[in-house]
Structures are given as C-alpha cells and as structure tokens.
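All values derive from a computational prediction rather than experimental measurement. Here is how names work: the chains are called A, B, and so on, in the same order as the sequence lines, proteins then strands, and each is numbered from 1.
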2 protein chains.
Amino acid sequence: MSAGKQLKPTESELEILRVLWEKGPSTVREVHEILEQSKDAGYTTTLKLMQIMHEKGLLQRDASSKTHIYAAAVSQENTQRQLLDKMIDTVFNGSASQLVLQALGNHKSSKEELEKIKQYLNEIEKQQRK
Amino acid sequence: MSAGKQLKPTESELEILRVLWEKGPSTVREVHEILEQSKDAGYTTTLKLMQIMHEKGLLQRDASSKTHIYAAAVSQENTQRQLLDKMIDTVFNGSASQLVLQALGNHKSSKEELEKIKQYLNEIEKQQRK
DNA sequence: ATTTGTTTACGAAGATATTCGTATATTCAT
DNA sequence: ATGAATATACGAATATCTTCGTAAACAAAT
C-alpha cells in the first residue's frame, strides 16, 4: 500500500488542517473566519495557503461550484504520528518513554485519562510476555 | 521569577544543541565534525549558525582564547518541555494524554521503561487523591 | 619574516515560508 | 445590462532560515 510519503505541514498549514479536521470540508472563507479569531491575516493569505496545500496534496478540493470546497487530504492521526515521531527522534534522542514522562509530568491529566493510559500499558506488557 | 522567554530553536540549531548537550562545551570544529557524520555542510555554515545562536542567547561562549569555546545556554530539559508543550498545544489540541497514547502505541519501549512510566502514573494518582 | 593552516567576521546568495496587492471571473440584486 | 460583492489566480514583496565565499586575524612551522 501507501503512495509517496506525506510531507510535513508547516506551522500555518497545520493551523488550517486543524480547522478542517474539526469542521470538515469548508470554504476558504469559513476557514479564514476561524483563523481570524486567533491571528490576523488577510483573506487572500489564507486562500493562497490553501491553494499551495492543495498543490502539495495536503488538501483536496471540490471545484465544481464557483466557491471551492476544501477538505483535509491527510488524516489527523497520521499527521500527529508523523510529527510526533520526528520529535521523539530529534528532540528526545529516540526515546519515546522519555517524552512520555515529560508529557505526564508537566500537564494535568484527568483521572480517567491516566487510568486509560495505565490500562494501555498493561496491555502492552501482556503483549510483550507472549 | 523568569527572565525573558527562551526562543524556539530551529531545526539546525537543535542539531547543534544536541551535540553540545551530549559533549559539553566544544569548539566549532568539534561540533562540526560530529555534524558532518550525518549531514554535509561547510565549516563556515556551522560557525555562522553557532554565532547566530550566541546572539540569540541559545549558546554562551568563552572567547578568551583564539579558538572560542561554545556551550549550550539553554538546558535540554527546558527545551524539550518547550517544544513538547507547543506540540501538545498545536498538534494534539491540548491533550497530553492523547499524545502519550500515540507515543506508546507506535514505539517499542523496554519493559523497564514501561515499568517506570507505570510507577510514575501511580505517584501522580496518589498525589491527586490528597 | 614568510608561508601555511586554522580561526573568526562579514556579507550576501539561495531556499523556503508567509503575506498581500491587483487583476480577472462570477454571482446576484437592481 | 450595470454595479456591488465575493471568489479565484497570479505574481511578487517580505520574512526567516540555511548556506557559503571571501577577507582579515592569528598561530605555528620553516
């Protein structure tokens, strides 16, 4: 499976992807109006970015109507994994658990979340014993 | 407390920091020779980068002898935390445990490491009950 | 002292990412 | 049809990051 590797989105591109992951297929204006809330950029800036992302294969678009509809062409999970792997590699010297300890140490996680993580660890250990 | 905030190192800057964290205070040449093993760049490129990092406050240097000695001015842990926090924020929508699950799922961790994480989780839960 | 090798300093080219102005097309209301 | 509003396309300015050429300073060897 798998065609060519997905390339790493830039900071701005990630902001756009987040909107599309959350809201689903949207027009440039819709995306732009969300972005405007947290940063200030012109409309054509958002447009241009989304066009470039489309060229790169990060977004797909439906141009059948005058106002194009864009959607993420890469999944949130794949992108998260890609960026996370890179961070483990370049920032945590390849040690995922080092990163995990840091992450747990500096953020309040709810009891439920912690429980979920523990269960997960147990499963992994069971796997390993086999 | 807190003096001005530490600014985010770029990709290349991070490579240099990693060398200095590992080897301690070093000359440009020493750093460069390590970098050469994994990438190819000219000596003056490494020099320039380290000079810029010094200006930015990422490195400190001892210029008392002809050949300057550079050292990291930011700690590995602080930098890791900074980059990790940003990733949790921008890539994992603020959910540290989401990131943790991803990290555990996609990397083999040794039994010892997993055990360490579990102990840590227990401690956190103990804290929370208080 | 002159040459040779190593170092820093400086400036600028090249690459990539971000921003926006302007032109052109389309739609809709009048 | 004309004008106002909104969309896309395009090109280019700006900013940031990365790279390196070249010159000047210095040190060591001959």
Using the side-chain contact (heavy atoms from CB on, under 4.5 Å) rule, take K86(B) and V91(B) through it: C-alpha gap first, then chi angles, then the decisive distance, then the call. CA-CA 8 Å; K86(B) 174 146 198 177; V91(B) 181; over 6 Å; no

Just compare dA17(C), dT6(C), dA25(C) and give me whichever is closest to any side-chain atom of R29(B).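 Looking only at side-chain atoms, R29(B) lies closest to dT6(C).
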
Are T67(B) and dT6(C) close enough that a side-chain N or O sits under 4.0 Å from OP1 or OP2?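 Answer is no, no contact under 4.0 Å.
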
N or O in side chain of Q51(B) less than 4.0 angstrom from dA9(C) OP1/OP2: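 So the side-chain polar atoms of Q51(B) do come within 4.0 Å of the phosphate oxygens OP1 or OP2 of dA9(C), strictly under.
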
Where does the chain B footprint on DNA chain D start and end, counting 5' to 3' with a 4.0 Å heavy-atom cut-off?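 Reading along DNA chain D, I get dC17(D) to dC26(D).
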
Considering non-hydrogen atoms only, spot the tightest contact between L121(A) and L121(B) and give its length.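 Heavy-atom minimum between the residues: CD1-CD1, 3.6 Å.
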
Closest heavy-atom contact between M87(B) and L83(A)?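 Closest approach of M87(B) to L83(A), heavy atoms only: CE-O, 3.5 Å.
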
Side chain to side chain contact (heavy atoms under 4.5 Å, CB included), paired with I34(A), selected from T46(A), I16(A), V19(A), L20(A):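 One option only clears the test, and that one is V19(A).
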
Rounding to an integer number of Å, can you tell me how far [X] [atom1] sits from [N] [atom2]?
| X | N | atom1 | atom2 | value |
| --- | --- | --- | --- | --- |
| L14(A) | dT18(C) | CG | P | 11 Å |
| I16(A) | dT19(C) | CD1 | P | 9 Å |
| D62(B) | dT8(C) | CG | C1' | 15 Å |
| K8(B) | dA17(C) | NZ | P | 13 Å |
| K56(A) | dA17(C) | NZ | C1' | 8 Å |
| K66(B) | dA9(C) | NZ | P | 10 Å |
| E30(B) | dT8(C) | CD | P | 11 Å |

To the nearest 0.5 Å, how far apart are OG1 in T44(B) and CD in Q51(B)?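 T44(B) OG1 to Q51(B) CD: 9.5 Å, rounded to 0.5 Å.
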
Walk me through whether I117(A) and V100(A) qualify under side-chain contact (heavy atoms from CB on, under 4.5 Å). CA-CA 11 Å; I117(A) 291 170; V100(A) 168; over 6 Å; no

Let's go through Y70(B) and T27(B) carefully: what are the C-alpha distance in whole Å and the side-chain angles of both, what is the deciding distance for side-chain contact (heavy atoms from CB on, under 4.5 Å) to 0.1 Å, and is it a yes or a no? CA-CA 6 Å; Y70(B) 288 83; T27(B) 64; over 6 Å; no

Can you list, by residue number, the residues of residues 41-49 of chain B that have a non-hydrogen atom closer than 4.0 angstrom to DNA chain D?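 Within residues 41-49 of chain B, the residues near DNA chain D are A41(B), G42(B), T44(B), T45(B), K48(B).
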
If two hydrophobic side chains count as joined below 4.5 Å and joins carry through other members, does I69(B) share a cluster with L17(B)?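 Unlinked, I69(B) and L17(B) end up in two clusters.
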
Between K8(A) and E13(A), does at least one N-O distance fall below 4.0 Å, as a salt bridge requires?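 E13(A) and K8(A): not salt-bridged.
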
